[in-house]
Enquirer: 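Pasting in a structure now, in structure tokens, and then I'll have a few things to ask.
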Amino acid sequence: MRITLWVAFLLLVVCSSPAAAQSIPGALMSHSIDSATVEEFGSIRCDSDQPWPSNGWMRSYNPVDFGVVGEFEITAIRFGVECEAGSGSVDQPIEVAIWEDADPDYPILSFDLTELARETATVTDFDDQTVFTYVLAAPVTVPAGTAIAVEVRAPDFGPTGLLDREFLCGANELGETSPSYYVGAPGPCPFADPIDISALPGAPPIFLIIDVEFTGGCVAPAGVTCTEAAGDVTVAWTNAGSYESIEVIRDGVSIGVLAGDITSFVDTEADGNIHTYELKITQTGLTCDSTSLPCTNGFLEECSAPAADIADFLPATVDVLDLGASILINDAEVSVDVTHTWIGDLEVTVTSPAQSALIVKPAALDLDNYDNIAVTFDDEGVPYIAAMLRLGLRMQPGGGAALADFDGENSGGEWTITITDSITLDDGVLNEWCVRVLPTDNVLFLRGDANGDGVVSALIDALYLLGWQFGGGLAPPCFDAADVDGNNIVQAIIDAITLLNYQYAGGAAPPSPGPTDCGSDPDGDGDVECLTEPAACN
């Protein structure tokens with residue numbers, strides 16, 4: 001029998017059916033950005049001398065991440081099919097297994113799993129490239145606070161297996177919010193324990209479609225946003241159920257209890273400061289409370305000043321800080337203050353709570369004969385130049401790295417800096433470092449600051465807009481700021497006239513957040529983008 005390694009993860013089946021888009025019914029847990037589209041040639045399996053050895057595909061779910069607390073019941077598992085390409089309508093048995101996962105953090109580990117249920121679904125070649133919903137024969141009750149793992153497995157058909165039974169779990173390349181896992185079987189496929197597909201050598205970006213339908217539990221409001229105008233913060237959301245009441249919590253303290261059908265709240269006592277808001281609901285007919293994922297107006301920043309020694313060839317210098325709140329990251333910056341001669345000796349790595357590691361300053365061995373580091377690594381900064389690391393600039397990370405790798409992750413938890421000194425003779429000190437993150441759809445700007453210099457000057461900014469659109473000038477670094485009239489369209493002539501009329505003819509001021517106080521777009525970025533904050537808002 002041949003042992004098949006990654007080179008055997010080749011899709012040998014040609015599926016001819018078009019991809020199907022199906023609606024998502026009921027309450028659903030999904031890590032797929034798009035869980036309705038199965039892309040052709042979008043999945044993997046292990047092949048061997050056997051016709052089709054056992055293959056499994058897995059995902060893990062922490063209900064809290066979906067605003068679900070309390071006991072709930074799993075009623076169905078949805079999974080992509082690619083492809084059951086047989087000759088005629090051939091029945092294909094597919095096992096669906098559900099486990100309790102003792103450790104809700106990733107990765108999935110076999111010794112953390114306790115099986116809750118295992119059933120067999122049946123698909124046919126008519127299900128090629130569709131999203132198949134398997135309704136469980138008996139709903140699976142999941143205790144409150146319990147994470148789960150779900151596996152879809154094609155069984156081993158043995159050495160005389162049926163060649164027209166060629167199932168793969170459907171996938172696409174449209175994004176995901178947690179890893180996809182493959183698990184083989186002892187013998188021909190070497191991965192008896194779940195393995196993150198992205199860790200497989202040469203693996204393409206494969207995002208499995210495996211979703212969980214459920215009932216019960218308490219489902220928190222969705223899409224909670226915080227927008228600021230004139231010092232007040234508007235918290236808005238979409239209700240995901242029938243609620244008895246909604247409690248608004250600012251920085252861990254209740255500031256109001258609303259009727260269950262309300263979908264917004266204005267905090268008039270925010271005082272222009274940065275706050276984190278969440279909603280705690282009591283859901284009709286259920287005996288549990290549910291708390292939403294928080295949102296933050298402004299940015300989160302935390303610094304650590306460990307004064308930690310950096311020494312030659314000793315264990316790396318490591319320090320940890322916690323931002324204290326969990327928001328979805330839209331933009332991240334890291335400031336580093338190090339005293340050290342010959343900084344080419346040093347490699348500086350920043351690791352997020354999701355364990356994404358980014359080398360912001362690569363080691364250059366004996367090439368960087370400069371002293372000290374005082375820099376803010378920022379994707380919108382100047383290009384990386386080692387000789388300028390000591391000047392306190394905003395600079396892009398080195399080695400082609402990008403802090404955008406952290407975008408979409410949750411900020412909550414431990415951030416770690418690791419500094420490695422690989423050459424003798426030069427020691428140093430990590431004086432201080434800081435992490436600053438901006439939440440999704442909450443970039444701060446001044447309405448009318450078209451050139452992004454942190455000041456709204458009608459004549460200068462109006463000329464900048466006109467020069468961009470008609471004179472081949474640079475594009476506005478923040479299109480939200482250049483959208484002077486706030487209609488979600490940047491029109492150079494109209495926006496320039498609006499700005500000039502406001503400053504010189506007594507016209508209406510540009511709408512929220514206005515031209516004097518930094519704030520975020522009340523439309524949640526609308527149809528224009530602002531990924532670079534003007535200087536005054538940094």
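All values reported here derive from a predicted model rather than from experimental measurement.
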Enquirer: Compute whether any side-chain donor of one residue and acceptor of the other, for Ser43 and Glu82, lie under 3.5 angstrom apart.
Expert: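 Note: Ser43 and Glu82 side chains miss the donor-acceptor criterion.
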
Enquirer: Answer yes or no: is there a side-chain heavy-atom contact under 4.5 Å between Phe265 and Ile255?
Expert: yes

Enquirer: Say whether, by atom type as modelled, one donor and one acceptor occur between the side chain of Glu151 and the main chain of Met58 under 3.5 angstrom.
Expert: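 A pair under 3.5 Å: no.
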
Enquirer: Are Ile74 and Leu116 side-chain neighbours, meaning at least one heavy-atom pair lies under 4.5 Å?
Expert: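 The answer is no; the side chains never approach within 4.5 Å.
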
Enquirer: Checking Phe207 now: which residues fulfil ring pair (Phe, Tyr, Trp, His ring centres under 6.0 Å) with it, not counting sequence neighbours?
Expert: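 With neighbours one apart ignored, the set is empty.
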
Enquirer: Who are the ring pair (Phe, Tyr, Trp, His ring centres under 6.0 Å) partners of Trp415, not counting sequence neighbours?
Expert: Phe406

Enquirer: Below 4.5 Å, heavy atoms only, C-beta onward: do Leu446 and Cys518 meet side chain to side chain?
Expert: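 They are in side-chain contact.
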
Enquirer: CG/Asp405 to CD1/Ile329 distance, rounded to the nearest 0.5 angstrom?
Expert: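 Going from CG on Asp405 over to CD1 on Ile329, the span is 11.0 Å.
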
Enquirer: Does Asn172 reach the main-chain N or O of Thr37 with its side chain, forming a donor-acceptor pair under 3.5 Å?
Expert: yes

Enquirer: Donor-acceptor pair, His31 side chain versus Ser180 backbone, under 3.5 Å?
Expert: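 No, His31 side chain to Ser180 backbone: no donor-acceptor pair under 3.5 Å.
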
Enquirer: Picking from Asn372, Asn431, Asp427, what satisfies side-chain hydrogen bond (donor to acceptor under 3.5 Å, both in side chains) with Thr339?
Expert: Asn431

Enquirer: With a 3.5 Å cut-off and no angle check, do the side chains of Thr376 and Asp378 form a donor-acceptor pair?
Expert: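 Short answer, no.
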
Enquirer: Has Lys361 got a side-chain atom pairing as donor or acceptor with Ile343's backbone, closer than 3.5 angstrom?
Expert: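 Judged by distance alone, yes, a pair lies under 3.5 Å.
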
Enquirer: Atom CD in Glu173, atom CG in Asp34: separation rounded to 0.5 Å?
Expert: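 Interatomic distance, Glu173 CD to Asp34 CG, rounded to 0.5 Å: 12.5 Å.
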
Enquirer: Is any side-chain heavy atom of Val212 less than 4.5 Å from a side-chain heavy atom of Arg59?
Expert: no

Enquirer: Do the side chain of Asp337 and the main chain of Ala374 share a donor and acceptor less than 3.5 angstrom apart?
Expert: no

Enquirer: Using the side-chain contact (heavy atoms from CB on, under 4.5 Å) definition, which of the options Leu430, Thr349, Val435 pairs with Ile417?
Expert: Leu430

Enquirer: Under a 3.5 Å cutoff, is there a donor and acceptor pairing between the side chains of Tyr182 and Asn55?
Expert: yes

Enquirer: When you check the side-chain N and O atoms of Ser304 and Asp319, is any donor under 3.5 Å from an acceptor?
Expert: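 On atom types as modelled, these side chains qualify, holding a pair under 3.5 Å.
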
Enquirer: Would you indicate whether the side-chain heavy atoms of Glu333 and Glu301 approach each other to under 4.5 Å?
Expert: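 No, side chains not in contact.
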
Enquirer: Mind checking whether Trp57 and Phe167 have ring centres under 6.0 Å apart?
Expert: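 Here the rings of Phe167 and Trp57 have centres that are less than 6.0 Å from each other.
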
Enquirer: Quick one: are Asp379 and Pro397 in side-chain contact, heavy atoms under 4.5 Å?
Expert: yes

Enquirer: Partners of Ser32 by side-chain hydrogen bond (donor to acceptor under 3.5 Å, both in side chains), sequence neighbours excluded?
Expert: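 With neighbours one apart ignored, the set is empty.
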
Enquirer: So, Lys280 side chain and Ile249 main chain: donor-acceptor pair closer than 3.5 Å or not?
Expert: no

Enquirer: Using modelled atom types and a 3.5 Å cut-off, is there a donor and acceptor pairing between side-chain atoms of Arg153 and backbone atoms of Ala97?
Expert: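 Looks like no, no N/O pair under 3.5 Å.
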
Enquirer: When you compare the side chain of Asp345 with that of Ile310, does any pair of heavy atoms fall below 4.5 Å?
Expert: no

Enquirer: Could you check Ile373, Val348, Val375, Thr317 and say which one makes a side-chain contact (heavy atoms from CB on, under 4.5 Å) with Val338?
Expert: Ile373

Enquirer: Given 3.5 Å as the limit, does a donor-acceptor pair link the side chain of Asn410 with the main chain of Gly412, or not?
Expert: no

Enquirer: Could you tell me the separation between the CD1 atom of Ile385 and the CG atom of Leu391, rounded to the nearest 0.5 Å?
Expert: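 With rounding to 0.5 Å, CD1 (Ile385) is 9.5 Å from CG (Leu391).
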
Enquirer: Are the side chain of Ser60 and the backbone N or O of Ala149 linked by a donor-acceptor pair below 3.5 Å?
Expert: no

Enquirer: Sub-3.5 Å donor-acceptor pair from the side chain of Glu213 to the main-chain atoms of Arg78, do we have one?
Expert: no

